[in-house]
Enquirer: 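Before we start, here is the structure in question, set down as structure tokens.
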Amino acid sequence: MLDKRFIRENPQAVKDAVAVKGLDLDVDELLQLDQDNRKLQFEVDEAQARRKSFAKQFAKADEARRAELRVEHEAFDRQLKDLREQLARTGARLSELMLLTPNIPWSGAPVGPDEAANVVLRTVGTLPEFDFTPLDHTELAEKRGWAEFARARKVAGERAYALVGDLVMLERAVHSYALDLLRTREFTPVAVPALVREEPLIGTGMLPKAREEIYAIPEDDLYLAGTAEVALVGLHAGEILDAARLPIRYAGISPCFRREIGSASRDVRGLLRVHQFEKVEQFVLCVADEAESARWHAELLATAERILTDLGLCYEVVECATGDMGVGKFRMNDINTWFPSLGRFRETHSCSTLHDWQARRANLRYRDSDGAIRFAHTLNNTAVATPRLLAALLENFQTADGAVRIPEVLRPYLGGRELI
RNA sequence: GGUGGAGUCGCCUAGUGGCCGAGGGCGCACGCCUCGAAAGCGUGUGAGGGGGCAACCCCUCCGUGGGUUCAAAUCCCACCUCCACCGCCA
């Protein structure tokens, strides 16, 4: 969400953002509504003030005068009620549009309608070479009895999977390693609810835009969150934090649920695109200073790169284009990891600065040292998301006889094993 | 799932229809006092929106949303959260 005043004063900047992000939002309608709404608000305020003074007169009046007043009130009350209803209508429509206002992307973002416009910033690591025909992760996992697909799909339908045996242990190792690394960087681990209310989904910007992507449990008015970010922002929604508490750094862990409606029948095989997965998420909440949040963005990105480097995976860092970054993003860098079976890089991490867009929605503020109350900046990036990352490990580190070499940093979590 | 109780300004609390956007205490800030401090005394101390060049003024918010009323923190309804007990349960 944007500041209404900002929209009023910079309508063209908002229109440009709508255009480069490929959105459908009538900014002029929004401006008109805002104006109408303020006018109505003014009228209601005035009428309300009169009503108050009426009520005071009434309290002091005798019975005869009260009867008169009651008659005088009648028309006035109807008028006030009518004004209130109008205000409620324009207010509701205005909020609706406000929730659709995009963040203004940072000036360095490539302009383009979709990911084709993304720019690769750097490629790190060396591509694996095989002196045998490597298997894809699905074949390898099945061969080694590390995953159940057919049986899992009996239980949970398409895209379901069950990890088995050493792959389970590998998953836990990856998560433990990531959490330990983040703890050394003063990120507090938080195991958050995945089952959430509508409110934090609106607060983070997942709703109303991505409704079809989210599992709903209407019976209980709950949803399954697609990322720990939802709960992490939600934890502090509506608060006014003391600036001394910032930056808040969390390592969120949670199961994540995505309907993958927009990708129906894509990547249906294997572990690359699933409805339920496990993620360790880096999250930062800091003061509203672009230099400060830019530093955190760099750090979140660096940590993700450190993880991939530690694991020995080859990856590329991408500057995401305006049309790819999503409504609420200020800046987004994806990290794509090499998958031998695909012969290309595939997204494993996504680093985002939301500027104060998310904090405005979630009404998440802090009191600065100068006493001013400001909306915070929020940022997030994947640390590790499995099983997609497991698939990368299997494919990149497989041996001719179907074993998998374990990256050194994971060995302590696997009883020192070098191979599985 | 059931029964009972509760949710007021950072914290504790007063307030059962108009004198309440709201009193008191704590905390905090400033001032006086003091060589300095403590104590004491005094003053101030929530958020959002709007109007005005400004001084300043108005409106909204007492968990949330509705309702009753000329008038709601106060009455009614629904929901949320917390506490206690019963039932069930990983």
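Quick note on labels: first sequence line is chain A, next is B, and so on, each numbered from 1. Note that these values count all heavy atoms, side chains included, but never hydrogens, waters or copies made by symmetry.
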Enquirer: Students often get this wrong, so: under 4.0 angstrom with heavy atoms, is A:K52 touching a base, only sugar-phosphate, or nothing?
Expert: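 Result for A:K52 = sugar-phosphate.
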Enquirer: Rounded to the nearest angstrom, tell me the gap between atom NZ in A:K39 and atom P in B:C58.
Expert: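 Distance check: A:K39 NZ to B:C58 P gives 23 Å.
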Enquirer: Roughly how many Å is it from CG in A:N363 to P in B:C61, rounded to a whole number?
Expert: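 Going from CG in A:N363 over to P in B:C61 covers 17 Å.
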Enquirer: To check you understand the geometry: which heavy-atom pair defines the closest contact between A:W338 and A:N396, and what is its length?
Expert: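 Looks like O-ND2, 2.9 Å.
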Enquirer: Just to verify, which of A:D310, A:L414, A:V280 counts as forming a side chain to side chain contact (heavy atoms under 4.5 Å, CB included) with A:Y177?
Expert: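 So, applying the side chain to side chain contact (heavy atoms under 4.5 Å, CB included) to A:Y177 and each of A:D310, A:L414, A:V280, only A:D310 qualifies.
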Enquirer: Taking the P atom in each of B:A72 and B:C62, what is the distance between them to the nearest angstrom?
Expert: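 About 11 Å, rounded to a whole number of Å.
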Enquirer: Extract from the structure each pairing of a protein N or O with an N or O of nucleotides 45-47 of chain B at less than 3.5 Å, listing the distance.
Expert:
residue	atom	partner	partner atom	Å
B:A47	O3'	A:R365	NH1	3.1

Enquirer: Taking the C1' atom of each, how far is B:G4 from B:G50, in whole Å?
Expert: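 Nearest-Å result for B:G4 against B:G50 at atom C1': 45 Å.
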Enquirer: Measure CD/A:Q48 against C1'/B:A72 and give the value in whole Å, please.
Expert: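 Rounded to the whole Å, the gap is 12 Å.
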Enquirer: What's the closest nucleotide to the A:R66 side chain, out of B:U81, B:G18, B:A71?
Expert: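 Looking only at heavy atoms from C-beta outward on A:R66, the closest nucleotide is B:G18.
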Enquirer: Just the table, please: protein N/O against nucleotides 49-53 of chain B N/O, every pair under 3.5 Å.
Expert:
residue	atom	partner	partner atom	Å
B:G49	N2	A:D45	OD2	3.0
B:G50	OP1	A:R8	NH2	3.3

Enquirer: Please give the distance between the P atoms of B:C19 and B:C41 as a whole number of Å.
Expert: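 About 31 Å, rounded to a whole number of Å.
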Enquirer: When rounded to the nearest Å, what value does the distance between P atoms of B:A6 and B:G15 take?
Expert: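 B:A6 and B:G15 have their P atoms separated by 13 Å.
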Enquirer: Without decimals, in angstroms, what is the distance between A:F58 CZ and B:A72 P?
Expert: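 In whole Å, B:A72 P and A:F58 CZ are 13 Å from each other.
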Enquirer: Taking atom types as modelled, find out whether A:H349 and A:Y315 have a side-chain donor-acceptor pair closer than 3.5 angstrom.
Expert: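 No, because no side-chain N or O of A:H349 sits under 3.5 Å from a partner of the opposite role on A:Y315.
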Enquirer: Does A:R78 have a side-chain nitrogen or oxygen under 4.0 Å from the phosphate oxygens OP1 or OP2 of B:C70?
Expert: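 No.
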Enquirer: Send over the distance from A:R84 CZ to B:C59 P, rounded to a whole Å.
Expert: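 In whole Å, B:C59 P lies 12 Å from A:R84 CZ.
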Enquirer: When the distance from CZ of A:F54 to C1' of B:A72 is rounded to whole Å, what number comes out?
Expert: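 The distance from CZ of A:F54 to C1' of B:A72 comes to 19 Å, rounded to the nearest Å.
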Enquirer: Say we look at B:A73 and B:G7: how far apart would their C1' atoms be, to the nearest angstrom?
Expert: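 One C1' to the other, the span is 12 Å.
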Enquirer: Could you tell me how far B:C9 sits from B:G25 if I compare only their C1' atoms? Round to whole Å.
Expert: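 Nearest-Å result for B:G25 against B:C9 at atom C1': 14 Å.
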Enquirer: Please test A:H236 against A:F283 for ring-ring contact (aromatic ring centres under 6.0 Å, His included), starting from the C-alpha separation and ending with a verdict.
Expert: CA-CA 12 Å; A:H236 295 290; A:F283 175 81; 8.1 Å; no
Enquirer: Expressed as a whole number of Å, how far does the P atom of B:A55 sit from that of B:G65?
Expert: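 Nearest-Å result for B:A55 against B:G65 at atom P: 32 Å.
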